[in-house]
Amino acid sequence: MTDAAADIESGLRALSESFRERLAAADDEPSMRAARAEVLGKKGELTKILRGMGKVPAEKRREIGERVNAVKAEVEADFEKAVTALARRRRQADLEGRPEDLTLPGRVGTPRGHLHPLTRVKDDILDIFASLGFAIGWGPEVELEENNFTKLAFPPDHPATDMQDSFWVTVEGGEPDARVLLRTHTSNVQVREMMANEPPMAIVSGGPVYRRDDDITHSPMFHQIEGFLVDENVSFGHLKGVLTEFAQRLYRPDTPVRFRPSYFPFVEPGAEVDIGCVFCNAENGSRASCRVCKGTGWIEILGCGMVHPDVFEHCGIDSERWTGFAFGLGIERIAMLRYGIPDIRLFFENDPRFLAQF
Ligand code: FA5
């Protein structure tokens, strides 16, 4: 045999021997694949050995070529055998190992759900009024124009009654003249309860309402709470007392509360209630830069007033004898203030990363 052919021959022998050793030392499939690539890969050991092929005389080349193919086939066969044996060993170890008990409880535990933040805030508010003696009332979300606007003394041309402001509903087979809409506030509960019951009464009710609004503080569907009390000799003083107590139980016992004159067609006089800003209370001296109250120190939380005599009359209640107060607030607004939420839309996207924070 020529020197070059002999060199190749001894190189091939050394290569198959060292491959077997590497296979035996490998204890997982990736290391076996790596060993095979070191031998057969493009830049592997076999390629290096074959560089000497040019010096092998032509008559010897065929023989050496066959020998190379045989070594390649040997390497592949050894590799396959080793991988199969490894899989068999693993399977056997599994079978002989401790059996898995599929009935064991999971390690992480099943995550528990919780109430939506708006439901929590609604329940907290209703609880406060219930503890002050108010009963829980109800009104429908799809309502007659009469109960949503007319009986509440909205003039027919009030902007809220406009097609552009409210969601009107067509009722197939309904009364031809009955105009129906998605209620724009929970004040329809006042009308329904006053028509159905004799005073005295004190009622709160919460639920969804709908308006054509859509921005970071206004949503087309949102939630309100309505409350009203009807009795003899009810005064604005009673209204102030109840709502001040409410605000101080909801926030802090020393929360400042102020009543500002305002207009709603169904109350006279009407007011809006502001509380001292809970984000920049004077102690931390950050008022001027507060984005929530815009530096005023006050945040509006609800509308209220003394029930207008016209509303009593529309609902069949003697306005000479009975007096009362009513109030309405937006639940999202209270929740945004309580939790520091900057965008109302987060409440309705059902993103678990948001909801898990409550
Ligand atoms: C009313 O809806 C009156 N019915 C409240 C009332 C009841 C006054 C009884 C007097 C007596 P107003 O339109 O201001 O009032 O709405 C009340 C609250 O609902 C607002 O203060 C605000 O917090 C919330 N609100 C109004 N529009 C939206 C909206 N699109 N998205 C979220 N909250 C809203």
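Computed from a predicted model, the values in this text were never measured in an experiment. Heavy atoms only: backbone and side chains are in, while hydrogens, waters and symmetry mates are out. One-based numbering, in listed order, for ligands and for the atoms of each.
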Check: residues 118-137 side-chain donor-acceptor pairs under 3.5 Å, at least two apart:
residue: Asp124; atom: OD2; partner: Arg338; partner atom: NH1; Å: 2.9
residue: Asp124; atom: OD2; partner: Arg338; partner atom: NH2; Å: 3.0
residue: Ser131; atom: OG; partner: Ile128; partner atom: O; Å: 2.7
residue: Ser131; atom: OG; partner: Arg249; partner atom: NH1; Å: 2.7

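Of the protein's heavy atoms, Ser219 N, 2.9 Å lies nearest to atom 31 (N) of ligand 1. Taking atom 3 (C) of ligand 1 as the reference point, the nearest protein heavy-atom neighbour is Phe266 CZ, 3.8 Å. Nearest protein heavy-atom neighbour of atom 7 (C) of ligand 1: Gly328 N, 3.3 Å. Arg333 CD, 3.5 Å is the protein heavy atom nearest to atom 23 (O) of ligand 1. Protein heavy atom at the shortest distance from atom 30 (N) of ligand 1 is Asp213 OD2, 2.8 Å. For atom 14 (O) of ligand 1, the closest non-hydrogen atom of the protein is Phe264 CE2, 3.9 Å. Ranking protein heavy atoms by distance to atom 25 (N) of ligand 1, first place goes to Phe222 CE1, 3.3 Å.
Each of the atoms 18 (C), 19 (O), 23 (O), 24 (C) of ligand 1 lies under 4.0 Å from some heavy atom of Gly330. In the vicinity of Cys304, heavy-atom distances shorter than 4.0 Å reach the ligand 1 atoms 8 (C), 10 (C), 11 (C). Below 4.0 Å from some heavy atom of Phe327 lie the following atoms of ligand 1, by number and element: 7 (C), 9 (C), 11 (C). Each of the following atoms of ligand 1 lies closer than 4.0 Å to a heavy atom of Thr217: 31 (N), 32 (C). The contact set between ligand 1 and Ser187, taken as ligand atoms under 4.0 Å from a residue heavy atom, comprises 4 (N), 7 (C).
Between Leu12 and Ile49, the shortest heavy-atom distance links the atoms N-CD1, 4.1 Å.
In this model, no donor atom of one side chain and acceptor atom of the other lie less than 3.5 Å apart for Glu226 and Ser205. With hydrogens and angles left out, the side-chain atoms of Tyr210 and Glu141 include a donor and acceptor closer than 3.5 Å. Side-chain atoms of Asp165 and Thr184 form no donor-acceptor pair, as typed in the model, at a separation below 3.5 Å.
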* To do: Would you please test Leu329 and Gln224 for side chain to side chain contact (heavy atoms under 4.5 Å, CB included) and show each step?
  => CA-CA 5 Å; Leu329 55 88; Gln224 283 191 342; over 6 Å; no
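Nearest residue to atom 19 (O) of ligand 1 from Arg211, Glu300, Gln224 is Gln224 (criterion: closest heavy atom).
With sequence neighbours excluded, the residues that form a ring pair (Phe, Tyr, Trp, His ring centres under 6.0 Å) with Phe149 are Phe154.
For Phe347 and His223, the ring centers are positioned 6.0 Å apart or more.
The shortest side-chain heavy-atom distance between Glu332 and Phe348 falls under the 4.5 Å cut-off.
No salt bridge links Glu143 with Arg183; every basic N to acidic carboxylate O contact stays at or beyond 4.0 Å.
Annotation: Glu332 places no N or O atom under 3.5 Å from an N or O atom of ligand 1; distance criterion only. Below 3.5 Å of separation, one finds an N or O of His185 facing an N or O of ligand 1.
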